[in-house]
Number of protein chains: 2
Amino acid sequence: MAKTDVLTLAILGMLSEQPLHGYQLRKQLGSELGAFRALSYGSLYPALKRMVGSGLIAADANEAEDAHAASSRRSRIAYRLTDAGKARLADELASAGASSWDDDAFDVRFSMFDKTDSATRLRILEGRRSRLAERLEEVSESMQQRRERNDAYTTELQRHGLERVEREVQWLDQLIETERSAPGGNTKAATGGENN
Amino acid sequence: MAKTDVLTLAILGMLSEQPLHGYQLRKQLGSELGAFRALSYGSLYPALKRMVGSGLIAADANEAEDAHAASSRRSRIAYRLTDAGKARLADELASAGASSWDDDAFDVRFSMFDKTDSATRLRILEGRRSRLAERLEEVSESMQQRRERNDAYTTELQRHGLERVEREVQWLDQLIETERSAPGGNTKAATGGENN
DNA sequence: TACTCGATGTATCGCGCCGATACAACGGTT
DNA sequence: AACCGTTGTATCGGCGCGATACATCGAGTA
């Protein structure tokens, strides 16, 4: 089972809606997600190259040649999903493994929830929740241990960090409850199931 | 004015308390700050090497040779600040420029607030605040623009992200107010002043 | 005594990301 | 006709990360 990193997954998701140029892709990813707020071209273009190389996407170089032959050869490249790309995306969408629980990965995965069935959504939310609970425990432990040694500012920083994570857990709890009481939306039944 | 990246600054701060080994350095940075939660050795050791190369720190290889000569030659390296390192740290501590306003950089800077005078503290807090206000505006703009096009989940993700930033601003406002009404703590008067 | 195991400790490799930078054509304004 | 902001592709050096390898120490245990 080939690995699919976060950026690759995000691109697959974007392109599943419609073919896009690199430039447009960047804008969309930047505004749609919290992650990738300022995704650089130094990441994007190499990523696209890799994906073309592994056959997940294909590059359609400038199609518009209706009239007057090959005059103004603009170099714009529209990328679209191949069948392999669609298959990979479907695979990822049906999985709820640990690779969907980290900060950026979760955001990307969450933004595609309307393409996922309710059971998988729930498993991702719960996985994320338990991941955050782990972090909560680690941080509050190390806070207690060094409570005396730290100055007021460091303590405040830790307290605030802790609070932020707690709030995140509360948010997830809300989402989980909603998902449980109203499994609505997409219900295309976990095909295959259990990845990662 | 030589550039000082976040990791370098954090190391300078840690070593200003006491000489430390790479291993200890990693543990401290991991537990003390929110940033650097899991700083890898693949970053730390090269960074230390760079800093030795640029003369900011010095490496004292294993001093403990009290008795029975050179028997168990353990390879442990304690790093300490050089005079150049102390000077650089003092420089950074007196500056409140834009390089202290980003997420990780701010955390590192904030955790050293007890080594900075009140005026500089205030300027950093305000800089961070205005940086977050910028982000707030960008995000809420792009939310309004594509309100219709997005599905419910993406919208919720954006809303939550926005809320998180708003909360961050509130936290800063509190800190600013406190700092204004009680400039206490270190008051070593901005020496030299205005960097970055 | 010997064995194992976890913590301490140093170090490197490949890979991917970032910020900066360069280049170029398009569309609209003055 | 000159200017400028947006769209668009592309690369380079530097650096952080995760994985991995290796070595020693102290303590508990068979």
Side-chain angles (χ1 to χ4, degrees), chain A residues 2-11 19-31 33 35-54 57 59-64 70-79 98-99 102-105 108 142 145, chain B residues 2-11 19-31 33 35-54 57 59-64 70-79 98-99 102-105 108 142 145:
Chain A
K3 277 273 184 66
T4 307
D5 64 294
V6 204
L7 180 50
T8 300
L9 178 58
I11 293 174
L20 288 171
H21 297 160
Y23 186 83
Q24 299 169 317
L25 215 33
R26 185 185 117 108
K27 280 190 69 173
Q28 301 256 6
L29 286 173
S31 65
L33 280 349
F36 301 131
R37 185 163 316 114
L39 174 66
S40 78
Y41 294 119
S43 319
L44 218 211
Y45 284 110
L48 289 171
K49 223 174 210 174
R50 283 197 303 272
M51 292 173 72
V52 170
S54 60
I57 60 177
D60 296 326
N62 193 17
E63 66 299 335
S71 55
S72 70
R73 240 29 187 119
R74 283 287 311 291
S75 65
R76 0 170 49 220
I77 305 165
Y79 293 93
S99 58
D102 282 323
D103 299 350
D104 283 4
V108 170
S142 84
Q145 283 181 2
Chain B
K3 277 274 184 65
T4 307
D5 65 293
V6 204
L7 179 51
T8 299
L9 179 58
I11 293 176
L20 288 171
H21 299 161
Y23 187 83
Q24 300 168 317
L25 215 32
R26 185 185 117 106
K27 281 190 70 174
Q28 300 256 7
L29 286 174
S31 65
L33 281 347
F36 302 132
R37 194 180 338 263
L39 174 65
S40 78
Y41 294 119
S43 319
L44 219 211
Y45 284 109
L48 289 171
K49 223 174 210 174
R50 283 197 302 271
M51 291 172 73
V52 170
S54 61
I57 60 177
D60 297 325
N62 193 20
E63 68 299 335
S71 57
S72 70
R73 236 44 185 105
R74 284 286 310 293
S75 67
R76 5 173 41 223
I77 305 164
Y79 294 93
S99 59
D102 282 322
D103 299 350
D104 283 4
V108 170
S142 84
Q145 283 181 3

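All chains are named by letter (A, B, ...) in the order of the sequence lines, taking the proteins before the strands, and each is independently numbered beginning at 1. Since we're looking at a predicted model, the values are computed, not measured.
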Holding to side chain to side chain contact (heavy atoms under 4.5 Å, CB included), I want the full list of residues that pass it with [X], two or more places apart in sequence or in another chain.
X: A:S43; value: A:L7, A:L39, A:S40
X: B:R50; value: B:P46, B:A47
X: B:Y79; value: B:L15, B:L48, B:V52, B:I57, B:A59, B:I77

With sequence neighbours excluded, tell me which residues meet side-chain hydrogen bond (donor to acceptor under 3.5 Å, both in side chains) with [X].
X: A:Y23; answer: none
X: B:D5; answer: B:T8
X: B:S31; answer: A:R146

Whole angstroms only, please: what is the [atom1]-[atom2] distance between [X] and [N]?
X: A:L9; N: C:dG16; atom1: CG; atom2: P; value: 16 Å
X: A:K3; N: C:dG14; atom1: NZ; atom2: P; value: 18 Å
X: A:Q28; N: D:dT7; atom1: CD; atom2: P; value: 12 Å
X: B:K27; N: C:dG6; atom1: NZ; atom2: C1'; value: 12 Å
X: A:R26; N: C:dG19; atom1: CZ; atom2: P; value: 10 Å

- When you check every protein heavy atom under 4.0 Å of nucleotides 9-21 of chain D, what one-letter string (B, S, -) results, 5' to 3'? BBB---SSBB---
- Query: Please, what dot-bracket string fits DNA chain C when only Watson-Crick and G-U pairs with both distances under 3.5 Å count, crossing ones use [ ] and pairs to another strand use |?
  - Reply: ||||||||||||||||||||||||||||||
- salt bridge (charged side-chain N to carboxylate O under 4.0 Å, His left out) partners for B:D102, two or more places apart: B:R131
- Give, for atom CD1 of B:I11 and atom OG1 of B:T4, the distance between the pair rounded to the nearest 0.5 Å.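 That separation rounds to 11.5 Å.
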